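Step one of this worksheet: look at the structure below.
This is a predicted model, so every value here is computed, not measured.
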Amino acid sequence: MNTLRTAMLLAVMTALFMGVGYLIGGSGGMMIAFLIAAATNLFSYWNADKMVLAMHRAVEVDERNAPEYYAIVRELASRAGLPMPRVYLIDNAQPNAFATGRNPQNAAVAATTGLLQRLSPEEVAGVMAHELAHVQNRDTLTMTIVATLAGAISMLGNFALFFGGNRENNNPLGFIGVLVAMIVAPFAAMMVQMAVSRTREYAADRRGAEICGRPMWLASALDKIARSAERIHNPDAERNPATAHLFIINPLSGERMDNLFSTHPDTGNRIAALQAMDAEWGASGGGARQPAPRNAPRPTPPSAEQDAGPWGGRSQAGSQAEPQAEPPAEPQPKSNPWGRNPTGPKGPWS
C-alpha cells in the first residue's frame, strides 16, 4: 500500500511539474519538464535524504560524541523492532527534529541542539519515538521526495518570469500563462505537502507514544517545541521552506495557523489526542501501558515504583496530566537536562 501511495504521489507531482512546464513553454516546455521530473524522481529516491540533511547542515554523531542522545535513539529503535538509524545533530537553537531515508534500513533521524538543551530526556525520547514512527510507517521516503519535488516546482514557478512569456517559446497562453505558473506552481506544491504531512502526523504521534510507552512525554515535548519555534528563528528552514513538513513542528515563522494553509495539524489538537490516549491507558494512575512494538518482543511495563524511562532512571514527565512548563528562554550554559554538554564531552561544535 505504501509503495502504491508513493507511486501515485510521484505521478501527481510529475503531472504538476509538466503542467507548469506547459504554462511556461507550451508543448516543448512540457516535454522538458517531464524529462526533468523523471530525472528528479530517480535522483530523489536515492539521494533526497542526503540533500535534506545537507540543507540543514546536519552532522552525524555516534555514542562517543553524543552518548545520551545516541543511547535514547538506540533503545527506542530496539523497542520498535527497527534497525538502528543513522543519528544526526543540527547546530540550531530552535528545538525541532525530523526523520528521513528511503526505508527503515537506510533511515536517519536528526535533532537540533536546541531540542537536547531545552527538553528533558523523557521529552527527547517522545520526540525521537515520533520520528522513528515515521520511519516504521515508511513515511520518510514519501515526505522526503515531496520536499525535493516541491522545492523544484516552486523554483520553476519563480523562474517562470525570466524564461517564459515570449513569442518564441510556443506558450499558448503567453504572459498570462507565465503569471499563472508563478502563482499556481508554489501554491499547488504547498497543497501536496500539506496533504502528505497533516494526515501522517497524528498516526506518528500515536505510534511514537506506543514506542516510548508514555503519551505525555511527547505531549509535553510538542508544547515546548511549538512555543519555542514561535520565537526562535531557524534560518536553514527559512532558506529551504519545502522541507518544513518534515519537522515534528513547523519550523517556519509566520506559519502558525491551523487551517487549510498549515503544513502541520494544530499542536493543541495533537496534544489533546495524546492526553486522551494517556487517559485511555490509565497512565495517570500508575505505570504506563506498553503496547508491543511491531516485529519486536513486548517490553516489560515499568511499575509505579520504578517508573523507568527507556534509558533507565526515574521518569520526570510520564505521569503528568498536563505538559510541563517551558524552561527559561535563555538557559544558562551547562544548565541543560543532563547537567553537561548533551553531545558528550567533545561534541561536533564544542
Side-chain angles (χ1 to χ4, degrees), residues 2 5 76 79-80 95-99 109 111 115 118-120 122-140 142-143 193-230 244-251 255-294 299 301-302 309-310 315-326:
N2 282 286
R5 184 167 51 188
L76 291 170
R79 289 161 66 90
N96 228 316
F98 66 84
V109 294
L115 186 88
R118 295 174 182 272
L119 272 62
S120 71
E122 289 81 5
E123 291 163 339
V124 172
V127 170
M128 302 320 297
H130 170 98
E131 299 307 331
L132 289 174
H134 277 308
V135 173
Q136 191 167 60
N137 294 339
R138 295 182 179 268
D139 297 335
T140 51
T142 302
M143 295 171 70
Q193 285 178 286
M194 291 185 291
V196 171
S197 179
R198 287 167 65 94
T199 59
R200 299 185 184 215
E201 290 304 318
Y202 285 113
D205 284 347
R206 183 169 187 86
R207 181 56 189 156
E210 291 175 351
I211 292 172
C212 71
R214 296 282 187 173
M216 292 308 299
W217 290 355
L218 178 55
S220 179
L222 289 175
D223 180 64
K224 286 186 179 180
I225 295 171
R227 288 189 284 123
S228 296
E230 291 178 356
H245 68 287
L246 294 174
F247 287 84
I248 189 169
I249 291 290
N250 193 339
E255 292 286 344
R256 308 291 173 238
M257 43 193 176
D258 181 38
N259 56 31
L260 182 63
F261 301 100
S262 175
T263 58
H264 288 67
D266 178 63
T267 304
N269 293 342
R270 294 171 68 182
I271 292 174
L274 289 164
Q275 289 173 332
M277 187 177 181
D278 180 70
E280 177 186 345
W281 286 7
S284 59
R289 287 179 56 187
Q290 303 275 355
R294 299 172 191 170
S315 167
Q316 299 175 8
S319 61
Q320 294 186 4
E322 296 293 336
Q324 293 183 355
E326 187 178 12

Ion pair check, E210 and R207, cut-off under 4.0 Å:
yes
Which residues satisfy the side-chain hydrogen bond (donor to acceptor under 3.5 Å, both in side chains) test with N96, sequence neighbours excluded?
Q94
Check R206 against M277 and note the closest heavy-atom contact, atom names and distance.
O-CE, 3.4 Å
Which heavy atom of A221 sits nearest a heavy atom of L119, and at what distance?
CB-CD2, 3.6 Å
Partners passing side chain to side chain contact (heavy atoms under 4.5 Å, CB included) against A129 (at least two apart in sequence or in another chain):
L76, I211, C212
In this structure, CG of D205 is separated from CG of L274 (nearest 0.5 Å) by 5.0 Å
When rounded to the nearest 0.5 angstrom, what is the spacing between CG in N269 and NE2 in H264?
14.0 Å
Is a salt bridge present between R270 and E201, judged by a nitrogen-to-oxygen distance below 4.0 Å?
yes
For the atom pair CZ (R227) and CZ (R118), what is the distance rounded to the nearest 0.5 Å?
11.0 Å
Looking at every non-hydrogen atom in both residues, tell me the closest pair between M128 and A111 and how far apart they are.
SD-CB, 4.2 Å
Only one of L218, L222, D266 clears side-chain contact (heavy atoms from CB on, under 4.5 Å) with I271; which?
L222
Taking all non-hydrogen atoms of both residues, which atom of A209 and which atom of W281 are closest, and how far apart?
O-CH2, 3.7 Å
To the nearest 0.5 Å, how far apart are CD in E131 and CD in Q136?
13.5 Å
Closest non-hydrogen atoms of I225 and P95, given as atom of the first, atom of the second and distance, are CG2-O, 3.0 Å
Nearest heavy-atom neighbours spanning F98 and L246
CB-O, 3.3 Å
Does D139 offer a backbone N or O that forms a donor-acceptor pair with the side chain of N137 under 3.5 Å?
no
Residue set satisfying side chain to side chain contact (heavy atoms under 4.5 Å, CB included) with A204, at least two apart, ordered chain then number -> H130, A133, H134
Within this structure, what is the CD-CG distance for the pair E280 and D278, rounded to the nearest 0.5 Å?
10.0 Å
Spell out, as yes or no, whether a donor-acceptor pair under 3.5 Å connects the side chain of E122 to the backbone of W217.
no
